[in-house]
There are 2 protein chains.
Amino acid sequence: MPTVSSEELAAAAGVNSAKLRKDFSYLGSYGTRGVGYDVEYLVYQISRELGLTQDWPVVIVGIGNLGAALANYGGFASRGFRVAALIDADAAMAGKPVAGIPVQHTDDLEKIIKDNGVSIGVIATPAGAAQQVCDRLVAAGVTSILNFAPTVLSVPDGVDVRKVDLSIELQILAFHEQRKAGEEAASDGAGPAAVTREESARSADQGPDGDVPAVMPA
Amino acid sequence: MPTVSSEELAAAAGVNSAKLRKDFSYLGSYGTRGVGYDVEYLVYQISRELGLTQDWPVVIVGIGNLGAALANYGGFASRGFRVAALIDADAAMAGKPVAGIPVQHTDDLEKIIKDNGVSIGVIATPAGAAQQVCDRLVAAGVTSILNFAPTVLSVPDGVDVRKVDLSIELQILAFHEQRKAGEEAASDGAGPAAVTREESARSADQGPDGDVPAVMPA
DNA sequence: ATGTCTTTGTGAACGCGTGCACAAAGATGG
DNA sequence: CCATCTTTGTGCACGCGTTCACAAAGACAT
Ligand SMILES: NC(=O)c1ccc[n+]([C@@H]2O[C@H](COP(=O)([O-])OP(=O)(O)OC[C@H]3O[C@@H](n4cnc5c(N)ncnc54)[C@H](O)[C@@H]3O)[C@@H](O)[C@H]2O)c1
Ligand SMILES: NC(=O)c1ccc[n+]([C@@H]2O[C@H](COP(=O)([O-])OP(=O)(O)OC[C@H]3O[C@@H](n4cnc5c(N)ncnc54)[C@H](O)[C@@H]3O)[C@@H](O)[C@H]2O)c1
């Protein structure tokens with residue numbers, strides 16, 4: 001029976017072994033003292049807890065550049081997500097297949113959601129249409145939304161929204177980039193417009209990962 | 001002079017006003033007691049600290065479905081990011097314009113980076129090519145990478161990598177979705193067939209905002 | 001000037017996640 | 001069956017970020 005110790009796993013993941021064990025303990029006591037964790041059993045337990053043993057139908061709304069790329073992306077299926085339908089407001093697209101899936105018109109949105117038992121929706125429409133699309137998805141029964149449009153969606157309680165904002169990802173990189181430049185040469189004439197930098201006493205930087213600034217300028 | 005109080009801003013952003021004030025205080029004392037913050041001045045100070053007053057040239061490597069969508073995305077320019085070049089390994093694409101920008105061949109990658117003073121690179125190649133592309137970008141001087149390929153990139157110290165993993169975004173939604181369903185009906189017959197997934201248990205990366213649950217109590 | 005009123009800036013308390021350290025569990029060998 | 005050795009599971013302490021609470025600063029009216 002192949003096993004792994006918390007020490008091995010922790011080293012591979014780059015985390016503390018005690019934290020890893022404590023995390024696992026929330027799932028139950030699946031380890032064997034003196035031996036470690038049964039790999040297969042552990043994988044199954046984690047998969048089940050994370051919902052990976054289920055198959056989740058999703059719909060993508062807004063089949064433009066991004067929506068089409070998502071539809072073509074094979075990485076979803078391998079994680080248990082199935083693109084149940086593609087929806088767009090453009091009547092000219094209706095019926096035309098993208099990634100082998102025929103695009104359907106927004107008129108049928110509610111029916112599509114219900115027929116497929118969809119609870120997860122992806123919004124890839126222009127920002128202006130996002131809230132409206134969101135409202136229709138929620139009204140039709142969708143309770144989880146992945147939003148690519150640069151808008152903050154308002155939803156009722158019980159509905160989860162995750163926003164993917166690629167500009168913010170770049171901004172976070174640029175922020176750290178700026179710091180790097182500022183550290184090696186405090187008096188640096190770089191930059192087009194004269195950037196006047198005063199001292200800034202910010203607290204500890206989060207190492208590997210980053211956070212999102214709470215408030216952003218326009 | 002238009003002003004805002006920390007209370008107003010906090011309410012709009014959905015955060016605690018004391019935290020907001022303390023955050024602002026790290027930038028300096030830009031508020032006026034009894035009045036609030038001068039909006040225009042505050043926006044400028046935050047923009048400057050975040051690096052939004054600078055113009056950042058970026059290159060996109062891998063102009064497929066996703067890369068092309070990114071190239072066409074207008075949201076980057078409005079945040080101070082300029083697509084300096086598009087790079088692909090496919091010789092047939094060389095010279096053909098995408099989003100008005102001619103695609104260049106990977107052979108010229110190093111020269112493109114240096115000529116444009118690029119420090120931020122976006123990788124949208126297949127997973128198999130990502131590490132190799134990453135290495136070349138870093139060697140050419142890139143110190144920040146936004147990675148869309150489903151691979152963990154290893155980079156030397158001083159180089160930042162942010163990974164955008166859309167499958168994980170969906171998984172997080174599915175996880176919460178499962179909890180919602182599990183609460184109203186505790187006794188569930190579990191998934192269809194017992195799915196045995198062979199993979200390692202990797203700790204999830206951070207998302208733009210919300211948190212990735214390490215593990216949750218059962 | 002002086003007083004009042006609003007809002008900032010921040011010291012201090014609180015809560016929570018992380019890591020340490022170890023007793024208990026169980027395997028393994030004699 | 002007992003001794004030893006490995007590794008889990010977890011109580012406890014530490015550190016850090018968040019929140020509370022309030023003195024001080026400044027605007028504004030009188
Ligand atoms: N392309 C990117 O890389 C990128 C990156 C980040 C964010 N985004 C955002 O993602 C969204 C889509 O980007 P895109 O480049 O694919 O845009 P796009 O214009 O190519 O596609 C938008 C699609 O949405 C459809 N649409 C419009 N209104 C609709 C509605 N009410 N219901 C259903 N469909 C509707 C349009 O017919 C079109 O097919 C935008 O909000 C954009 O800001 C895109
Ligand atoms: N499409 C999506 O929605 C999506 C979502 C998440 C992640 N991803 C990931 O993003 C990456 C790109 O996805 P895609 O759908 O655009 O794939 P794609 O196959 O459409 O495009 C890949 C492009 O990369 C180019 N390429 C290959 N090797 C290269 C190299 N060594 N140097 C430079 N260019 C090279 C190819 O010529 C092609 O144009 C993949 O790793 C994919 O897993 C895509």
Side-chain angles (χ1 to χ4, degrees), chain A residues 1-46 49 172 175-176 198-217, chain B residues 1-46 49-50 172 175-176 200-218:
Chain A
M1 182 177 80
T3 60
V4 276
S5 69
S6 62
E7 207 65 55
E8 293 174 277
L9 278 178
V15 299
N16 183 284
S17 66
K19 172 169 161 54
L20 191 141
R21 284 199 299 278
K22 186 161 286 186
D23 283 354
F24 282 3
S25 74
Y26 288 114
L27 305 179
S29 291
Y30 299 138
T32 304
R33 298 178 189 222
V35 177
Y37 298 89
D38 173 20
V39 172
E40 190 181 359
Y41 189 54
L42 181 64
V43 166
Y44 170 71
Q45 289 297 343
I46 295 176
E49 185 68 22
I172 293 170
F175 175 75
H176 292 301
E198 298 168 8
E199 59 79 33
S200 60
R202 295 195 83 263
S203 51
D205 240 20
Q206 69 295 328
D209 307 333
D211 242 18
V212 180
V215 185
M216 300 284 299
Chain B
M1 182 178 81
T3 60
V4 276
S5 69
S6 63
E7 206 65 55
E8 294 173 276
L9 278 178
V15 298
N16 184 284
S17 66
K19 172 170 163 50
L20 192 141
R21 284 198 299 279
K22 185 160 284 186
D23 283 353
F24 283 4
S25 75
Y26 288 113
L27 306 178
S29 291
Y30 299 138
T32 305
R33 298 177 188 223
V35 177
Y37 299 88
D38 173 20
V39 172
E40 190 180 0
Y41 189 55
L42 181 64
V43 166
Y44 169 71
Q45 289 297 344
I46 294 176
E49 185 67 22
L50 295 182
I172 294 170
F175 175 75
H176 292 302
S200 63
R202 292 195 55 264
S203 68
D205 258 14
Q206 86 298 332
D209 59 331
D211 54 319
V212 181
V215 188
M216 305 285 292

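Both backbone and side-chain heavy atoms feed into the values below; hydrogens, waters and symmetry mates do not. Below, chain A is the first sequence line, B the second, and so on; all start at residue 1.
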Query raised in the report: Between the base of dT7(C) and the side chain of Arg33(B), is there a donor-acceptor distance below 3.5 Å?
Result: no

Requested in this report: State whether Ser25(A) places a side-chain N or O below 4.0 Å from either non-bridging phosphate oxygen (OP1 or OP2) of dG9(D).
Outcome: no

Requested in this report: Report yes if at least one side-chain N or O of Ser6(B) is closer than 4.0 Å to OP1 or OP2 of dT7(C); otherwise report no.
Outcome: no

Query raised in the report: Hey, do the aromatic rings of Phe24(A) and Tyr30(A) have their centres closer than 6.0 Å?
Result: no

Report task. Among dG26(C), dT8(D), dT7(C), find the nucleotide with the atom closest to the side chain of Thr32(A). Result -> dG26(C)

Report task. Could you tell me the separation between the CD atom of Glu7(A) and the P atom of dC20(C), rounded to a whole number of Å? Result -> 10 Å

Query raised in the report: In whole angstrom, what separates Glu8(B)'s CD from dT8(C)'s P?
Result: 9 Å

Report summary line: Ranking dT7(D), dT10(C), dG19(C) by distance to the side chain of Asn16(A), first place goes to dG19(C)

Query raised in the report: With respect to the phosphate group of dG19(C), does any side-chain polar atom (N or O) of Lys19(A) fall under 4.0 Å of OP1 or OP2?
Result: no

Report task. May I ask you to evaluate whether Tyr37(A) reaches the phosphate of dG9(D), defined as a side-chain N or O under 4.0 Å from OP1 or OP2? Result -> yes

Query raised in the report: For dT7(D), does either OP1 or OP2 sit under 4.0 Å from a side-chain N or O belonging to Tyr30(A)?
Result: no

Query raised in the report: Checking only heavy atoms, does the side chain of Lys22(B) share a donor-acceptor pair with the base of dT18(D) at less than 3.5 Å?
Result: no

Report task. Identify whether any heavy atom of Ser17(A) sits under 4.0 Å from a base atom; if not, whether one sits that close to sugar-phosphate; answer base, sugar-phosphate or nothing. Result -> nothing

